[in-house]
2 protein chains.
Amino acid sequence: MEEKVYADVAGGLDQGRAAAWRALITSNALVLEKIERALAEAELPPLGWYDVLLELSGAPDGRLRMHELARAVVLSRSGLTRLVDRLEGAGLLRREPDPADRRGSYAAITEDGRATLRRMWPVYAAGIAGHFGEHLTDEEARVVAGALGRVAGAARSR
Amino acid sequence: MEEKVYADVAGGLDQGRAAAWRALITSNALVLEKIERALAEAELPPLGWYDVLLELSGAPDGRLRMHELARAVVLSRSGLTRLVDRLEGAGLLRREPDPADRRGSYAAITEDGRATLRRMWPVYAAGIAGHFGEHLTDEEARVVAGALGRVAGAARSR
DNA sequence: GAAATATAGTTGCATATACAACGAACTCCT
DNA sequence: AGGAGTTCGTTGTATATGCAACTATATTTC
């Protein structure tokens with residue numbers, strides 16, 4: 001029973017929580033893989049694009065500063081620079097200078113960007129429903145959202 | 001309320017499950033980021049190495065065929081080839097031919113590999129405990145493990 | 001048992017990502 | 001006001017990953 005051995009070594013981590021963590025990362029990887037494949041088959045952009053467009057579409061004036069966006073989609077600033085390059089190249093967003101801070105720029109979603117978001121959502125939603133939501137009771141969904149929301153909130157603030 | 005709009009379009013996906021999904025991918029990304037950083041600071045290998053070594057250490061004779069390992073750690077076969085290259089280069093595992101199938105090879109953990117696993121676990125466990133387990137009640141951990149375990153199981157079999 | 005098909009693992013290639021370093025602009029502090 | 005230190009976004013570089021194509025071997029089919 002090496003699980004036991006490890007559990008002894010690990011201060012403050014019991015087996016139940018370790019199991020929850022493994023289930024989390026594994027289900028995340030497997031479901032994302034399937035959704036990415038579905039998007040590719042529908043000739044739609046990858047999920048990272050969706051995340052960016054969704055954040056922008058919900059922001060005031062459809063735009064966010066680069067560093068806000070990087071934080072929102074959990075990406076390094078350099079990673080975001082390149083991702084935004086690609087989206088801008090595809091015409092789904094525009095960079096706009098910030099008059100109040102001349103170091104910075106906004107990423108602003110375009111009409112094409114909003115249209116792409118709308119085309120992606122059905123495929124994404126079907127993937128979430130079929131590979132994830134399908135397997136949860138209402139109560140489990142509530143608990144998962146609450147608990148993992150708290151985890152994410154704590155990780156963000158620290 | 002664009003959430004509402006999207007919810008209407010999405011067949012079979014309600015808002016609670018959509019929220020659970022977003023909490024899942026966000027918490028996953030944030031917690032992994034912090035754990036990777038902790039490992040790097042301790043001059044330990046990245047998490048992908050841990051996953052490989054853990055699977056091997058729990059397998060009969062400490063070894064698995066390449067395709068089994070790829071499936072276990074949720075990586076493409078080509079991705080695994082390169083990952084195993086790096087681990088083998090570091091002496092943490094060995095490739096061994098399979099006498100029963102001359103196309104294939106085993107990846108077999110070495111003593112150094114087991115030692116590395118033992119050195120990584122305390123850092124990994126502390127990360128899981130501090131950034132994840134900390135924020136869950138016992139009951140929530142149970143529900144999350146059960147529900148996401150089911151999600152992962154379904155995604156694997158299909 | 002030979003031919004057709006499928007599978008195992010590796011490789012070339014294209015893409016994605018993080019880190020460190022950079023120039024430019026901002027903020028604070030006295 | 002002005003210098004010290006900070007923050008913003010980008011870039012060079014190294015690393016990681018998936019897909020498609022490839023070789024070698026196994027399996028199936030007739």
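On a predicted model such as this, the values are computed, not experimentally measured, just so you know. Chain letters run A, B, ... following the sequence lines, proteins first, then strands; residues in each count from 1.
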Q. Within the pair B:R86 and D:dA14, is there a side-chain N or O less than 4.0 Å away from OP1 or OP2?
A. no
Q | Whole-Å gap separating P (D:dG18) and NZ (A:K34) | A | 14 Å
Q) Given that B:T81 and A:R77 both sit by DNA chain C, which one's nearest nucleotide is further toward the 5' end? A) B:T81
Q) Counting only N and O atoms by type, is there a donor-acceptor contact under 3.5 Å from the side chain of A:T110 to the main-chain atoms of A:L92? A) yes
**Q.** Interatomic distance where CD belongs to B:E36 and P belongs to D:dA16 [whole Å]
**A.** 10 Å
Q.
Under 4.0 Å between a side-chain nitrogen and a carboxylate oxygen: does that hold for B:R103 and B:D98?
A. no
(Q) Taking the minimum atom-to-atom distance to the side chain of A:S105, which one of D:dG9, D:dT25, C:dG9 wins? (A) D:dG9
Q: Quickly work out the A:D98 CG to C:dC26 P distance and round it to whole Å.
A: 9 Å
Q | Per B:R103 side chain, nearest of listed nucleotides D:dT17, D:dG9, C:dA8 | A | C:dA8
Q.
Is there a path of hydrophobic side-chain contacts, each under 4.5 Å between heavy atoms, that joins A:F132 and A:Y50?
A. yes
Q.
Which is more 5' along DNA chain C, the nucleotide nearest A:A100 or the one nearest A:S76? Just name the residue.
A. A:S76
Q. If you count the non-hydrogen atoms of other residues, nucleotides and ligands that lie under 6.0 Å from CZ in A:R156, is the total more than 12?
A. yes
Q: Consider the side chain of B:R102, meaning its heavy atoms from C-beta on, and name the nucleotide among D:dT25, D:dG9, C:dC26 that approaches it most closely.
A: D:dT25
Q | C:dG9 OP1/OP2 closer than 4.0 Å to side-chain N/O of B:H67 | A | yes
Q.
Whole angstroms only, please: what is the CG-C1' distance between A:L83 and C:dA18?
A. 14 Å
Q) Using a cut-off of less than 4.0 Å, is there contact between a side-chain N or O of B:R37 and OP1 or OP2 of C:dA18? A) no
Q.
Any base atoms under 4.0 Å from A:L75, or only sugar-phosphate, or nothing? Heavy atoms, all strands.
A. sugar-phosphate
(Q) Salt bridge check, B:R17 against B:D14: does any charged N sit closer than 4.0 Å to a carboxylate O? (A) yes
(Q) Taking any heavy-atom pair under 4.0 Å as a contact, classify B:R82: base, sugar-phosphate, or nothing. (A) base
Q. Is the distance from OP1 or OP2 of C:dG9 to the nearest side-chain N or O of B:R65 less than 4.0 Å?
A. yes
**Q.** Atom pair distance, as rounded to whole Å: CG in A:L32 and C1' in C:dA16
**A.** 15 Å
